[in-house]
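Letters go in sequence order (proteins before strands), and every chain restarts at 1. Side-chain atoms are counted along with the backbone in the values below, which use heavy atoms only and exclude waters and symmetry mates.
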Amino acid sequence: MKPITLAKAYEPAKYESKIYKRWLASGFFNPDNLNLPADAPTYTIILPPPNITDRLHLGHAAMLAIEDLFIRYKRMSGYRTLWLPGTDHAAIATQTVVEKKLKQEAGKSRHDLGREKFLKKVWEFLKATQAIILKQIETMGASLDWSRLAFTLDEPRQAAVKEMFVRLYEAGLLYRGERIVNWCPHCRSTLADDEVEYREQPAELYTFRYDADFPLAIATTRPETKLGDTAVAVNPADPRYKKFIGQTLRANFCGQELNLKIIADRQVVMDFGTGALGVTPAHALADWQLAEANNLPVVKVIDEHGLIREGFGAFSGLTAVAARQAIVAQLRADGLLEREETISNNLSVCYRCGTAIEPLPSRQWFVAVDKPVAQLNNQSLKQAALAAADMGQITFVPERFTKRYWDWMNNLRDWCISRQIWFGHSLPVWYRGEEIYVGRTAPAENGWTQDSDTLDTWFSSSMWTFSTLGWPDNFADGQKQGDLAKYHPTQLMDTGYEIITLWVSRMIMMSLFATGEIPFATVYLHGMVLDKQGKKMSKSKGNGIDPMAMVKLYGADAVRLSLLIGTTPGTDFRVSEDKIAGYRNFTNKFWNIARFILLNINQPQSDLKPPPGQTLADRWILEELAQTITEVDRQLADYNFSRAGEQLEKFTWDSLADWYLEIAKIEGDKGAILNYCLNTLLKLWHPFMPFMTETIWLQIYGQDKLLMVEAWPTADRPERVATADMAVIKELIVGIRAARSANKLEPAQKVKAVLYAGERQALLQAQAELIKNLRTGIGELAIEASGRPLAEAIYSSVGGIEVYLIAAVDAAKEKLRLEKDFVNLEKFITGLEARLANAEFTAKAPPAIIQQETDKLRRAQSDLAKITERLNKL
RNA sequence: GGUCGCUUGGCUCAGUUGGUUAGAGCGCGCCGUUCACAUCGGCGAGGUCAGUGGUUCGAAUCCACUAGCGACCACCA
């Protein structure tokens with residue numbers, strides 16, 4: 001029989017892509033191909049789709065590692081396991097990328113090309129780019145069912161989105177309304193509230209009067225918008241302004257006639273600025289709300305390009321910033337500017353391009369979240385989604401995020417879903433004059449034009465859990481069938497905590513509406529990957545670690561381990577190359593453990609039961625392993641994969657490699673136990689480091705038997721060992737090791753005999769003998785072992801063994817140390833003497849140095865004498 | 001302003017219902033290593049668990065307050 005030997009070191013690059021191909025060829029990524037009983041429970045994760053233009057970053061890699069861990073764990077545990085892959089069209093992000101590219105390569109904007117040609121460019125670009133991220137996902141070892149690959153903008157998803165839109169419309173949950181939206185003049189698109197970022201920065205606050213006769217002064221950071229003021233708001237309790245409330249005052253503001261109604265509102269802060277607020281309904285959300293409450297006219301000042309509209313004299317056509325400067329200059333010239341101060345202002349900017357947001361009134365489509373509908377048992381989307389969390393039907397991990405979800409849902413406003421960009425899902429909406437038609441297909445008659453807007457990316461994302469499983473075709477007549485019946489609702493949604501609001505809450509609402517089901521049982525929120533300094537990794541900062549480069553250097557398994565272990569749910573964590581390199585060391589260590597074990601097994605068996613232990617060490621390692629299995633299962637059930645990994649690491653490196661393998665070298669003949677330990681460890685580690693474990697498994701057991709579908713180990717052992725006994729056994733093993741390094745230590749040999757004996761009777765006899773020979777008198781203690789637990793017997797019989805061992809070990813250590821010191825000192829002295837005897841040295845060296853060396857020699861000689869004395873005593 | 005989180009050895013972090021001597025990895029020091037592995041082994045130094053007060057037989061852990069840091073939400077124009 002040909003012995004199985006592994007290469008001396010693990011070289012991941014040699015095996016990884018081969019192994020992945022082997023997995024693909026097996027077909028087991030697709031749950032339909034698993035040989036399972038019909039009633040096997042399902043376990044589904046739908047992959048949060050990365051943007052199709054993305055390159056894999058460590059955040060993706062972490063997500064993949066986490067999800068693959070659970071998928072592989074559940075697959076081995078007998079679940080019908082589906083992990084469904086996909087990509088996101090990321091409308092705005094993708095369009096921005098292509099626009100940038102167009103500008104760089106051809107110097108053109110999207111408007112130069114026109115809609116049709118531009119979209120063609122986008123699709124060409126996607127075709128070229130989409131394969132990259134998918135390939136990178138494979139590199140990480142993700143066991144995704146590629147046969148079900150989806151894209152948020154592919155044909156089936158377009159149909160699903162259209163269907164959803166129509167159904168929402170028919171249910172009365174969609175409406176078209178004018179509202180202040182967050183407009184990005186650069187992207188020329190509306191942004192959702194949560195796509196707006198805030199930047200704290202200094203801003204000039206101007207205090208002025210509209211004209212010389214105006215009785216109140218107002219304060220603003222945006223004087224240019226004041227051209228569109230239609231009211232001044234004051235606090236009703238403000239004594240300064242009480243008398244004006246209700247009046248309408250005229251003013252000539254920089255040549256513009258304004259009719260300003262003085263209104264009262266409690267939200268106006270009396271001690272900010274002058275306590276009087278110029279109300280510009282068209283260009284501030286709060287002002288818009290004031291206008292609605294007070295029936296104020298709306299005057300638009302700024303257009304979609306961020307320029308002052310027609311009808312504002314010399315200011316028309318200026319950018320907002322230029323107009324601001326012009327107006328401030330004029331106010332100053334007219335002596336109307338009372339104050340100018342720098343305050344700290346929270347500027348709203350576009351999360352995509354960083355341009356300052358221009359609030360503008362605009363016609364948009366909205367999802368009504370507060371309107372009760374029949375489909376949700378006369379609850380609103382908001383109520384239904386809140387109820388789902390309230391009933392404990394969704395578990396958030398960690399639990400504290402439940403509250404965040406709750407707070408967000410409670411404050412949710414109607415969701416603006418139309419976007420003024422070209423790339424994305426088109427709205428199934430057509431207009432003819434004032435008529436609106438919403439339907440699955442275009443109206444037959446002439447004269448209708450389709451809405452030119454596209455849908456918010458999150459609209460299609462919100463349908464992800466069921467659109468990927470064949471909704472609506474698989475939901476005819478409200479009955480689930482096919483994949484939807486089999487795999488929905490899903491078990492786990494793993495995503496970053498930062499999009500719990502953007503995404504998770506909307507998935508819950510949309511799924512409840514479309515299928516009546518909560519889309520997932522558990523939401524696992526992972527933290528962000530930070531760099532070594534604790535900064536968020538980003539391309540612009542250049543502090544990102546490229547996972548692909550790391551895989552190349554250290555292997556995918558090492559990268560995975562570094563992202564799984566040492567992390568805590570919902571908490572950001574730091575990753576550095578050092579950490580990855582550390583786990584590369586571990587993978588190599590594991591490889592060599594396997595290598596060593598294989599050298600000690602005659603004929604490896606893949607389905608070995610735990611063999612009976614012959615010695616204490618055997619029982620100890622089997623018990624440790626069984627406990628490790630239990631612990632790993634427990635931790636994984638709580639999503640504490642980091643701790644599961646740490647437990648495994650501890651067992652593998654400490655218990656097995658550093659202790660048991662050393663004992664095995666002494667005791668010999670451990671084939672069966674080592675075989676069992678290796679098999680079990682390969683299985684336990686597989687979800688963490690699939691490539692290496694599978695590589696080893698295949699090298700041992702041949703190409704027909706894949707580790708990825710082996711059964712997950714159970715915590716079996718031939719004989720249960722009590723925890724207290726474990727402590728004692730560990731002590732004995734420590735004794736053996738110490739005895740070994742102390743060379744020939746008689747009594748320790750006895751301990752070794754104990755270990756060989758294995759039998760309790762033999763053990764007790766050996767102990768008795770040991771104790772009899774002890775000088776301390778402890779030997780007088782009787783061993784009354786019969787009928788008592790091992791540990792108790794040993795403890796009662798001694799302190800004996802312990803005291804003895806400690807004394808012996810200490811003495812041995814001391815002796816060893818002294819001997820070592822002796823040898824080293826002797827060498828040192830010889831060297832010094834030689835140097836001092838060297839004529840060249842004594843001639844050329846400065847006297848101070850010679851003196852130093854002589855002193856050293858003297859000290860060393862006296863130390864040596866002391867050591868000799870002590871050695872003689874031992 | 002509101003909410004949540006964090007503060008543990010030089011660094012990064014664990015510490016699961018409060019329980020003997022607070023752990024790990026990296027780093028550091030010393031020693032070793034042709035016999036699975038230097039991508040290794042052994043030994044060691046290093047912590048008043050941010051501070052104060054409280055509850056308790058017992059607190060890193062629970063409570064209150066204080067300080068520093070971070071995130072999210074809202075937003076004063």
Side-chain angles (χ1 to χ4, degrees), chain A residues 5-11 193-194 198 203 205-207 218-223 225-226 229 232-233 265 267-280 283-287 290 343-346 348 398 400-404 406-408 410-411 497-498 500-501 527-528 530 532-534 536 554-555 558 562 565-568 570-576 578-579 581-600 631 634-635 638 640 642-643 645-647 649-650 653-654 657-658 661-662 664-665 674 737-738 741 813 816-817 820-821 824:
Chain A
T5 49
L6 296 176
K8 202 166 161 69
Y10 176 57
E11 291 174 69
D193 288 346
D194 29 57
Y198 297 91
L205 180 71
Y206 304 97
T207 304
I218 60 156
T220 183
T221 54
R222 300 202 58 193
T225 65
K226 300 292 110 183
D229 279 12
V232 172
D265 193 285
Q267 284 180 28
V268 178
V269 179
M270 283 192 273
D271 35 355
F272 184 88
T274 61
L277 162 67
V279 180
T280 320
H283 300 292
L285 181 60
D287 294 12
L290 281 175
I343 59 160
S344 169
N345 190 25
N346 216 350
S348 318
R400 69 185 135 91
F401 285 102
T402 312
K403 184 168 160 37
R404 183 182 290 193
W406 187 264
D407 289 346
W408 163 264
N410 268 314
N411 295 322
Y497 60 81
E498 71 277 10
I500 186 171
T501 51
M528 278 188 306
L530 307 176
K532 211 175 175 178
Q533 275 73 41
K536 195 174 169 178
Y554 305 111
S562 71
I565 301 179
T567 68
T568 311
T571 306
D572 298 344
F573 60 99
R574 301 176 189 207
V575 175
S576 63
D578 294 347
K579 186 174 179 189
Y583 279 105
R584 185 272 318 269
N585 294 356
F586 176 75
T587 56
N588 189 64
K589 179 74 181 179
F590 189 92
W591 178 268
N592 273 286
I593 290 168
R595 180 172 138 88
F596 174 77
I597 288 179
L598 286 172
L599 294 173
N600 287 276
E631 192 62 12
R634 214 192 81 203
Q635 298 294 358
D638 292 341
N640 272 326
S642 177
R643 301 197 57 193
E646 285 160 38
Q647 292 290 339
E649 227 180 322
K650 214 171 151 189
W653 207 317
D654 294 357
D658 289 346
L661 293 188
E662 294 304 320
K665 286 177 188 170
L674 290 176
R737 292 219 60 188
S741 48
K813 272 192 204 161
L816 272 179
R817 196 167 55 235
K820 238 176 242 163
D821 288 353
N824 287 340

Start with the C-alpha distance between Y554(A) and Y583(A), add both sets of side-chain angles, then the distance that settles ring-ring contact (aromatic ring centres under 6.0 Å, His included), and finish with yes or no. CA-CA 8 Å; Y554(A) 305 111; Y583(A) 279 105; over 10 Å; no

Looking at F573(A), I'd like to know if the NZ or CZ of K579(A) sits under 6.0 Å from its six-membered ring centre while staying within 45 degrees of the ring's axis.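 Because its charged atom misses either the 6.0 Å distance or the 45° angle limit, K579(A) does not stack over F573(A).
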
Considering only the [atom1] atoms, how many Å lie between [N] and [M], rounded to the nearest integer?
N	M	atom1	value
U20(B)	A60(B)	P	10 Å
G9(B)	G47(B)	C1'	4 Å
A45(B)	G10(B)	C1'	12 Å
U7(B)	C26(B)	P	22 Å

When the nearest nucleotide of RNA chain B is assigned to E646(A) and to Y10(A) on a heavy-atom basis, which residue is associated with the more 5' position?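 Comparing both residues, the 5'-ward one is E646(A).
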
Given RNA chain B, 5'-ward residue of the pair E649(A) and W653(A), judged by closest heavy atom: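 Per heavy-atom nearest nucleotide, the more 5' residue is E649(A).
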
Closest nucleotide among [options] to the [X] side chain:
X	options	result
R643(A)	A77(B), A14(B), C40(B)	A14(B)
L277(A)	G41(B), A77(B), C4(B)	A77(B)
Q635(A)	A36(B), G41(B), U16(B)	U16(B)

Do K589(A) and C37(B) share a donor-acceptor pair, side chain to base, under 3.5 Å?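 Under the 3.5 Å cut-off, the side chain and the base do form a donor-acceptor pair.
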
Report yes if a side-chain nitrogen or oxygen of [X] is closer than 4.0 Å to either non-bridging phosphate oxygen (OP1 or OP2) of [N]; otherwise report no.
X	N	value
T568(A)	A14(B)	yes
K665(A)	C35(B)	no
N588(A)	C40(B)	no
R574(A)	U12(B)	yes

Taking any strand in view, what nucleotide pairs with U61(B) in a Watson-Crick or G-U wobble way, both distances under 3.5 Å?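 Matched U61(B) with nothing under the 3.5 Å cut-off.
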
Identified pairing partner of C6(B), criterion: Watson-Crick or G-U wobble below 3.5 Å: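 Result: G68(B).
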
For L6(A), is there any backbone N or O sitting under 3.5 Å from a side-chain donor or acceptor partner on R595(A)?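 Checked: pair present.
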
Distance, rounded to the nearest Å, where K579(A) contributes NZ and C13(B) contributes P: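 So the NZ-P distance, K579(A) to C13(B), works out to 9 Å.
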
Determine whether W408(A) and I500(A) make a side-chain contact, defined as any pair of heavy atoms from C-beta on separated by less than 4.5 Å.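 Not in contact.
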
